[in-house]
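I have placed the structure first, in the form of structure tokens, so that the comments after it can refer back to it.
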Amino acid sequence: MDLRDVIEALERGCGRDEWWPSESVFEVIVGAILAQRVSWKNVQIAIANLKCAQVLDPRAIMGLDESRLQELIRPSGFYRQKARYLRTFSAYLIDRYDGDIKLMKGIRTAQLRGELLSLDGIGPETADTILLYALGHPSFVVDSYAFRLFDRLGLGLGRSYDKVKTEVEDAIGRDVRRLSLAHALVVTHCKTHCLATPLCLGCPFSGICPSEVHDG
DNA sequence: ACCCAGGTGGCCC
DNA sequence: GGGCCACATGGG
């Protein structure tokens, strides 16, 4: 079994789609930042607060008092840091792209990824989430679930973010649809099967995965 | 009272 | 390069 088998097994086993719902590209980016190390449910509350206050926009974010922004996103945790991160990204968007996300789309993936990684609060996972789900670039998102799942399947990829990312991208190709699905499937699979129940009912790996996968 | 949740940055060695 | 730590909320 290699990485391609795992990806194909995930795709056969689950019919997941529309992984990152949103009403705008900026909302996806804000969600990516707010979702750092916190449940998606908390993020949804914070996003709803921002919408209710009609500030889900880079210039509106910059027009807010720091304390007001913190108050709105408080349910998503780490709210002082994340308020700073949102302002950093908003300022970057305004300064570099005149606040117009559409102007980012002509930039090459590697260049854009470098710009994102240079921002305070944007690490590799958040950068790749923005590239893939907000901007439609072929960039696989590695998260803690991917490390755990691939480790337990004995793929021997190690814990290097960039290593796992490039291996998956080589296995899947520059296909935004499949790269998006692959990340969603890794997370949903781990949450609903391997890391949640010992029996792993309905596990798409049944028959091919070592028993360690189901240890939880 | 724990443990976990769709990370990042800073520090240390 | 890896190993800790702070950051903060909400739910089981």
Side-chain angles (χ1 to χ4, degrees), chain A residues 6-7 10 14 16-22 25-50 52-53 66-92 113-135 137 139-152 156-166 168 176 178-198 215-216:
Chain A
V6 172
I7 292 163
L10 285 168
C14 306
R16 190 72 184 81
D17 55 11
E18 299 190 7
W19 165 248
W20 203 295
S22 70
V25 174
F26 190 67
E27 181 178 336
V28 177
I29 295 170
V30 169
I33 291 170
L34 296 183
Q36 293 167 359
R37 198 58 201 180
V38 77
S39 69
W40 182 246
K41 184 153 193 171
N42 289 35
V43 177
Q44 290 179 300
I45 298 169
I47 296 266
N49 286 346
L50 293 171
C52 192
E66 186 81 5
S67 59
R68 174 63 175 152
L69 179 57
Q70 289 177 359
E71 179 187 353
L72 291 170
I73 67 169
R74 190 174 55 201
S76 66
F78 306 112
Y79 60 86
R80 295 185 187 87
Q81 289 191 82
K82 287 176 179 176
R84 196 175 73 240
Y85 296 169
L86 290 181
R87 295 174 68 88
T88 296
F89 182 85
S90 297
Y92 154 76
R113 190 168 192 270
E115 288 184 12
L116 293 171
L117 288 176
S118 75
L119 302 176
D120 183 31
I122 308 290
E125 182 174 344
T126 307
D128 289 328
T129 300
I130 291 170
L131 285 171
L132 183 63
Y133 292 108
L135 305 176
H137 287 248
S139 186
F140 183 70
V141 179
V142 182
D143 60 16
S144 56
Y145 289 121
F147 284 126
R148 285 147 74 185
L149 179 60
F150 296 161
D151 274 356
R152 292 178 186 198
L157 298 178
R159 291 262 170 175
S160 158
Y161 187 99
D162 291 339
K163 165 75 172 172
V164 172
K165 172 183 171 61
T166 51
V168 173
V176 173
R178 285 190 79 203
L179 290 167
S180 301
L181 187 60
H183 171 249
L185 291 174
V186 166
V187 177
T188 55
H189 176 79
C190 287
K191 289 172 77 165
T192 59
H193 300 301
C194 292
L195 302 180
T197 68
D215 284 350

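As a basis for the values below, the full set of heavy atoms in this structure was taken, side chains included, without hydrogen atoms, waters or symmetry mates. Naming convention: chains lettered A, B, ... in sequence-line order (proteins, then strands); numbering from 1 in each chain.
The main-chain N or O of A:Val28 is never found under 3.5 Å from a side-chain atom of A:Tyr133 such that the two would form a donor-acceptor pair. The backbone N or O of A:Lys191 lies less than 3.5 Å from no partner atom in the side chain of A:Tyr145, so there is not a single donor-acceptor pair.
No side-chain donor-acceptor contact under 3.5 Å links A:Ser160 and A:Lys165.
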Using atom types as modelled, flag every donor-acceptor pair under 3.5 Å from a side chain in residues 71-78 of chain A to any protein atom, sequence neighbours excluded.
{"residue": "A:Ser76", "atom": "OG", "partner": "A:Ile73", "partner atom": "O", "Å": "2.8"}

Can I get a per-line list of side-chain donor-acceptor pairs under 3.5 Å for residues 83-90 of chain A, giving both atom names and the distance, sequence neighbours left out?
{"residue": "A:Arg84", "atom": "NE", "partner": "A:Asp120", "partner atom": "OD2", "Å": "3.1"}
{"residue": "A:Tyr85", "atom": "OH", "partner": "A:Gln81", "partner atom": "OE1", "Å": "2.8"}
{"residue": "A:Arg87", "atom": "NE", "partner": "A:Glu66", "partner atom": "OE1", "Å": "3.0"}
{"residue": "A:Arg87", "atom": "NH1", "partner": "A:Leu64", "partner atom": "O", "Å": "3.0"}
{"residue": "A:Thr88", "atom": "OG1", "partner": "A:Arg84", "partner atom": "O", "Å": "3.0"}
{"residue": "A:Ser90", "atom": "OG", "partner": "A:Leu86", "partner atom": "O", "Å": "2.8"}

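Straight-line distance from the NZ atom of A:Lys191 to the C1' atom of B:dA5: 8 Å, rounded to whole Å. The distance from atom CD of A:Gln36 to atom P of B:dG9 is 8 Å, rounded to the nearest whole Å. Atom CG in A:Leu86 sits roughly 14 Å away from atom P in B:dT8 (whole-Å rounding).
Pairs of residues two or more places apart, or lying in two chains, that qualify as salt bridge (charged side-chain N to carboxylate O under 4.0 Å, His left out) and include a residue from residues 25-48 of chain A are A:Glu27-A:Lys51.
Atom P of B:dT8 sits at a distance of 22 Å from the matching atom of C:dG10, rounded to the whole Å.
Not counting sequence neighbours, A:Arg80 has no partner by the side chain to side chain donor-acceptor pair (under 3.5 Å) test.
Residues from residues 117-129 of chain A lying near DNA chain B, meaning a heavy-atom separation below 4.0 Å, are A:Leu119, A:Asp120, A:Gly121, A:Ile122, A:Gly123, A:Pro124, A:Glu125, A:Thr126 in numerical order.
Both A:Asp143 and A:Tyr85 lie close to DNA chain B; mapped to their nearest nucleotides by heavy-atom distance, the more 5′-ward contact belongs to A:Asp143.
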Derivation of the side chain to side chain contact (heavy atoms under 4.5 Å, CB included) call for A:Leu132 and A:His137: CA-CA 5 Å; A:Leu132 183 63; A:His137 287 248; over 6 Å; no

Under 4.0 Å protein heavy-atom contact, by nucleotide of nucleotides 5-12 of chain C - B base, S sugar-phosphate only: --BBBS--

